[in-house]
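On a predicted model such as this, the values are computed, not experimentally measured, just so you know.
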Amino acid sequence: MTQTHTDNHQRDDGRAVRLTYAEPEGVVRGGLVVLHEAEGVTDGVRLLVSSLAEEGWLAVAPHLYETGPADVDTLTCDGVLAATDVTLAWLVDRGISADLLGVVGFDIGGTAALVVATRRELGAAVTVGGPGISKPVSSDIPPLVEVAGTLVSPWLGIYGDTGEEIDVAEVELLREAASAASVATNVVRYPGANHRFDADPEAAAEAWERTLAWFDAHLR
């Protein structure tokens, strides 16, 4: 497994963020910002960052908050965008060109990834199982159906159909809203998967391959 590292990164202009990242051993194909789940930068997030690096991506997760799920209520658009911008600058400093930059998020990070993709023109974005489709996850993060039509980065949404957190009708509303955007969008649903994709290994494997394929198609 590719090793991950965690550092406190500060820009010359004073902006700072804590980053967990992994570097590919061979040729770097591009850079991916990984927006983490509600529990923060967990071992699962580190595994994801490492796995993306093994696929050739310089992958880096900004720490959006330091403790646990209670901090989700404090998430703001400005805070998510500020952390993402510093992370993108970190990637550019390491030689990644703008057309090879993407963002991927899981759980609450998936919600954040879509919001970022409406505000920043990146090569590609992927959301996996993010909440907040019709009801906001915090007082400052808008419902995703209200902003999906303004996407400016090609976006893929991946959602499971089972579990209390899933509302299939909401996912279909999100698909319709995203289709109005001026960039490529797609929404894929998995009937046997929950929002974490940990109950259906086959669906999880296919979702992983779809994520990689989306970046392969748009970051080149």
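- Between the Ser50 side chain and the Thr4 main chain, no donor and acceptor come within less than 3.5 Å of each other.
- Residues Val152 and Arg120 have side chains not in contact (no heavy-atom distance under 4.5 Å, counting atoms from C-beta outward).
- Using bins of under 30°, 30° to 60° and over 60° for the plane-to-plane angle, the ring pair Phe197/Tyr190 lands in the perpendicular bin.
- Taking the side chain as every heavy atom from C-beta outward, Leu91 and Val33 approach each other to under 4.5 Å.
- For the pair Thr162 (side chain) and Ala193 (backbone), a donor-acceptor distance under 3.5 Å is present.
- Proximity of a side-chain donor or acceptor of Asp200 to a complementary backbone N or O of Glu202 within less than 3.5 Å is detected.
- Nearest approach of Ala148 to Ala181, heavy atoms of both residues: O-CB, 3.9 Å.
- With Pro62 as the partner, the side chain to side chain contact (heavy atoms under 4.5 Å, CB included) test is satisfied by one option alone out of Val86, Thr20, Leu35: Leu35.
- Of all heavy-atom pairs between Val17 and Ala83, the closest is CG2-CB, 4.3 Å.
- Taking a 6.0 Å sphere around CD of Glu121, one finds it holds 12 or fewer heavy atoms contributed by other residues, nucleotides or ligands.
- Residues Trp208 and Leu48 have side chains in contact (heavy-atom distance under 4.5 Å, counting atoms from C-beta outward).
- Leu100 has its side chain out of reach of Arg29: every pair of non-hydrogen atoms, C-beta onward, lies at least 4.5 Å apart.
- In this structure, CZ in Phe215 is found 7.5 Å from CG in Leu52, a value given to the nearest 0.5 Å.
- Between Asn186 and Trp214, some side-chain heavy-atom pair lies under the 4.5 Å cut-off.
- Atom CZ in Arg18 sits 13.5 Å away from atom NE2 in His9 (nearest 0.5 Å).
- When all heavy atoms are compared, the tightest approach of His218 to Ala184 is CE1-CB, 4.1 Å.
- No salt bridge links Glu23 with Arg94; every basic N to acidic carboxylate O contact stays at or beyond 4.0 Å.
- Side-chain contact between Leu64 and Ile108 is absent, with no heavy-atom pair separated by less than 4.5 Å.
- Across all their heavy atoms, Leu151 and Ala178 have their closest contact at CD1-CB, 4.1 Å.
- Note that CZ of Arg189 is 12.0 Å distant from CG of Leu174, once rounded to the nearest 0.5 Å.
- Using a cut-off of 4.0 Å between Lys/Arg side-chain N and Asp/Glu carboxylate O, Glu170 and Lys135 are scored as not salt-bridged.
- Heavy-atom neighbours of Glu25 CD from other residues, nucleotides or ligands within 6.0 Å: at or below the threshold of 12.
- Nearest heavy-atom pair across Pro24 and Val27 is CB-O, 4.2 Å.
- A 4.5 Å side-chain heavy-atom check between Thr111 and Ile141 finds at least one atom pair inside the cut-off.
- A side-chain donor-acceptor contact under 3.5 Å links Ser138 to the backbone of Leu75.
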Chi angles and distances behind the side chain to side chain contact (heavy atoms under 4.5 Å, CB included) call for Val49, Val60: CA-CA 7 Å; Val49 168; Val60 53; over 6 Å; no
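- Within the model, atoms CH2 of Trp90 and CG of Leu58 stand 4.5 Å from one another, a figure rounded to the nearest 0.5 Å.
- Between Gly110 and Thr127, the shortest heavy-atom distance links the atoms O-OG1, 2.7 Å.
- A 4.5 Å side-chain heavy-atom check between Thr6 and Val41 finds every atom pair outside the cut-off.
- Under the 3.5 Å distance criterion, the side-chain polar atoms of Arg175 are matched with a main-chain donor or acceptor of Val187.
- Electrostatic pairing of Asp13 and Arg11 does not count as a salt bridge here, judged by no charged N lying under 4.0 Å from a carboxylate O.
- In the displayed structure, Arg119 atom CZ is contacted under 6.0 Å by at most 12 heavy atoms of other residues, nucleotides or ligands.
- For Glu37 (side chain) and Val45 (main-chain N/O), no donor-acceptor pair under 3.5 Å exists by modelled atom type.
- From Tyr21, atom OH reaches atom OG1 of Thr87 across 12.5 Å, with rounding to the nearest 0.5 Å.
- In this structure, Trp57 CH2 and Ile96 CD1 are separated by 9.0 Å, a value rounded to the nearest 0.5 Å.
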